Amino acid sequence: MTLAKTFKIALFSLLGLSAIHGPAAAQAEAPLLPKVPPGTVLTIGDPVTQKALEVSGLGKELSFEVKWANISGGPQTSEAFRAHALDVGSVAEIPSIFANWNNLPVRNIAYRERRDPIANPIYRFGIAPGAAVKTLADFRGKRIAFSPGQAQGTLVLRALHAAGLKSGDVTLVELPSTSDVYPKALASKQVDIAPLGGVYIRRYITQYGPDGATLVEHGLRDDPSHLYAPQWVLDDPAKAAALAEYVGLWARATEWVNRNPDLWIKEYYVGQQGLSQEDGEYLVKLTGEQIVPSDWSEVKKRHQETIDLLADELGYKPLNVEQIFDNRFEKLGAAALAKSQ
């Protein structure tokens, strides 16, 4: 079975087989309302910002009712969109692309990145003990953990592309990128290479480094972070106005986290996530400073390159990046930051 066919089967199982809407329509031209109409309610799946708004006190500035949903990640968020159980979610670069490829019209409405994405990557490639891998070029002929439709899977394809390799030059081993699945697969030598993120980078080396486990830096941008919403939500003037307000507070919450790392470690990483102080400090250092640009030109250019790479590798029809960005929201995050300073 080809990679493209395997990928599509796995992706449909995550996103659902039924197509309830056509592809996202052309960019809406209707201007955003200046104020949120009374009685507007948004259901938001953005647990990190929820906590930041709570701890910072910025949540008191919300002028509309919010129903928070403990939902994150592309598959879970897209499933909630299909059920009309969610109005907006927080994800990385990939979910909006595959949602539109699978008849779920969504648009990105906010974007942030890391100030130094190469020094502060989200992922590093874990190398199994005994695997002779020191650079991306050494990926040829190796077994690589692959998670279809998620940021980790796309990073694998981008790393191969950067090394002048194709998916056929390696063996992609489909595994879910959840919990400690990848570190365990590496330690048991089920795979030779796997993209690791968060505390699992540190824990993998701490636990298996003495056995010969190593890490390889990929040197690629893997830092895009978006808010995205279904087209039918964006077509609702009241909800669109509420989303505009939320984007501004989301940006300010991002800046608050930048400026209050010690309190964020205490309240979020330790208090909510149950991590150790050391893990929290590691994650703050790993993340570095997050910024909210006011211009999406370069963002869209990189996004289009990702779309084209995935289409080529997986057999999808290329999308125009304008199909999945709502330009009405482009300046709102940065403008909210400037106004609050």
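Keep in mind the model is a prediction, meaning the values are calculated, not measured.
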Pair [X] + [Y], salt bridge at N-O below 4.0 Å:
X: Lys300; Y: Glu322; result: yes
X: Arg203; Y: Asp279; result: yes
X: Glu255; Y: Arg259; result: yes

I'd like to check [X] versus [Y] (side-chain heavy atoms, cut-off strictly below 4.5 Å). Are they in contact?
X: Val106; Y: Gln231; value: no
X: Phe81; Y: Leu104; value: yes
X: Tyr269; Y: Val284; value: yes
X: Leu234; Y: Pro230; value: no
X: Leu275; Y: Leu283; value: yes
X: Leu160; Y: Val170; value: yes
X: Gln150; Y: Pro75; value: yes
X: Arg82; Y: Asn102; value: yes

Got a second to check how far [X]'s [atom1] is from [Y]'s [atom2], nearest 0.5 Å?
X: Asn120; Y: Glu113; atom1: CG; atom2: CD; answer: 12.0 Å
X: Leu196; Y: Arg202; atom1: CG; atom2: CZ; answer: 14.5 Å
X: Ser90; Y: Ile71; atom1: OG; atom2: CD1; answer: 12.5 Å

Assess, by modelled atom type and distance only, whether the side chains of [X] and [Y] contain a donor and an acceptor separated by less than 3.5 Å.
X: Gln290; Y: Thr254; answer: no
X: Glu281; Y: Gln277; answer: yes
X: Glu330; Y: Asn327; answer: no

Using the rule that two of Ile, Leu, Val, Met, Phe, Trp, Tyr join whenever any of their side-chain heavy atoms come within less than 4.5 Å, decide whether Leu227 and Val292 are in one cluster.
yes
Candidate pair Leu53 and Trp68, rule side chain to side chain contact (heavy atoms under 4.5 Å, CB included), full reasoning:
CA-CA 12 Å; Leu53 293 176; Trp68 294 105; 3.9 Å; yes
Under 3.5 Å, is there a donor-acceptor pair between the side chain of [X] and the main chain of [Y]?
X: Ser78; Y: Gly74; answer: yes
X: Asp222; Y: Ile122; answer: yes
X: Trp101; Y: Lys317; answer: yes
X: Gln304; Y: Val321; answer: yes
X: Asp236; Y: Trp232; answer: no
X: Asn260; Y: Leu263; answer: no

What are the two closest heavy atoms between [X] and [Y], and how far apart are they?
X: Ser167; Y: Leu172; result: CB-CD1, 4.0 Å
X: Phe64; Y: Thr40; result: CB-O, 3.4 Å
X: Pro183; Y: Tyr208; result: O-CE1, 4.3 Å
X: Gly126; Y: Tyr204; result: CA-CE2, 4.1 Å

Once the angle between the rings of Trp264 and Tyr268 is folded into 0 to 90°, is it parallel (under 30°), tilted (30 to 60°) or perpendicular (over 60°)?
parallel
Give the table of side-chain donor-acceptor pairs shorter than 3.5 Å for residues 332-341, with sequence neighbours excluded, one pair per line with atom names and distance.
| unit_1 | atom_1 | unit_2 | atom_2 | d |
| --- | --- | --- | --- | --- |
| Ser340 | OG | Ala336 | O | 3.3 |
| Ser340 | OG | Leu337 | O | 3.0 |

The criterion is side chain to side chain contact (heavy atoms under 4.5 Å, CB included); which residues satisfy it with [X], sequence neighbours excluded?
X: Ala162; value: Leu136, Leu220
X: Pro117; value: Arg221, Asp223
X: Gln207; value: none
X: Lys67; value: Val41, Thr43, Glu65

Going by salt bridge (charged side-chain N to carboxylate O under 4.0 Å, His left out), name the residues that satisfy it together with [X], two or more places apart in sequence or in a different chain.
X: Lys142; value: none
X: Glu217; value: Arg124
X: Lys166; value: Asp312, Glu313

Applying side chain to side chain contact (heavy atoms under 4.5 Å, CB included), run through Leu310 and Thr154 and close with a yes or a no.
CA-CA 7 Å; Leu310 292 172; Thr154 300; 3.7 Å; yes
Checking side chain to side chain contact (heavy atoms under 4.5 Å, CB included) against Val233, which of His84, Arg107, Lys239 comes through?
Lys239
Just distance, no hydrogens or angles: give the donor-acceptor pairs under 3.5 Å from side chains in residues 242-252, sequence neighbours left out.
| unit_1 | atom_1 | unit_2 | atom_2 | d |
| --- | --- | --- | --- | --- |
| Glu245 | OE1 | Ser63 | OG | 2.5 |
| Glu245 | OE2 | Ser63 | N | 2.7 |
| Glu245 | OE2 | Ser63 | OG | 3.2 |
| Tyr246 | OH | Asp46 | OD2 | 2.7 |
| Arg252 | NH1 | Glu61 | OE1 | 2.7 |
| Arg252 | NH2 | Glu61 | OE2 | 3.1 |

Neighbour count >12 (heavy atoms, 6.0 Å) for atom CG, Asp211:
yes
Test log, rule side chain to side chain contact (heavy atoms under 4.5 Å, CB included), inputs Phe146 and Val191
CA-CA 10 Å; Phe146 185 68; Val191 295; over 6 Å; no
Would you please test Thr178 and Val181 for side chain to side chain contact (heavy atoms under 4.5 Å, CB included) and show each step?
CA-CA 6 Å; Thr178 54; Val181 171; 3.8 Å; yes
Evaluation steps, ring pair (Phe, Tyr, Trp, His ring centres under 6.0 Å), between Phe139 and His218
CA-CA 11 Å; Phe139 283 21; His218 52 71; 9.8 Å; no
Salt bridge (Lys or Arg N to Asp or Glu O under 4.0 Å) partners of residues 128-139, not counting sequence neighbours, each pair once
none
All pairs passing salt bridge (Lys or Arg N to Asp or Glu O under 4.0 Å) where residues 264-275 contributes a residue, at least two apart
none
The test is ring pair (Phe, Tyr, Trp, His ring centres under 6.0 Å); show your working for His303 and Trp296 and say whether it passes.
CA-CA 10 Å; His303 212 76; Trp296 288 349; over 10 Å; no
Side chain to side chain donor-acceptor pair (under 3.5 Å): which pairs involve residues 186-201, sequence neighbours left out?
Arg143-Asp192
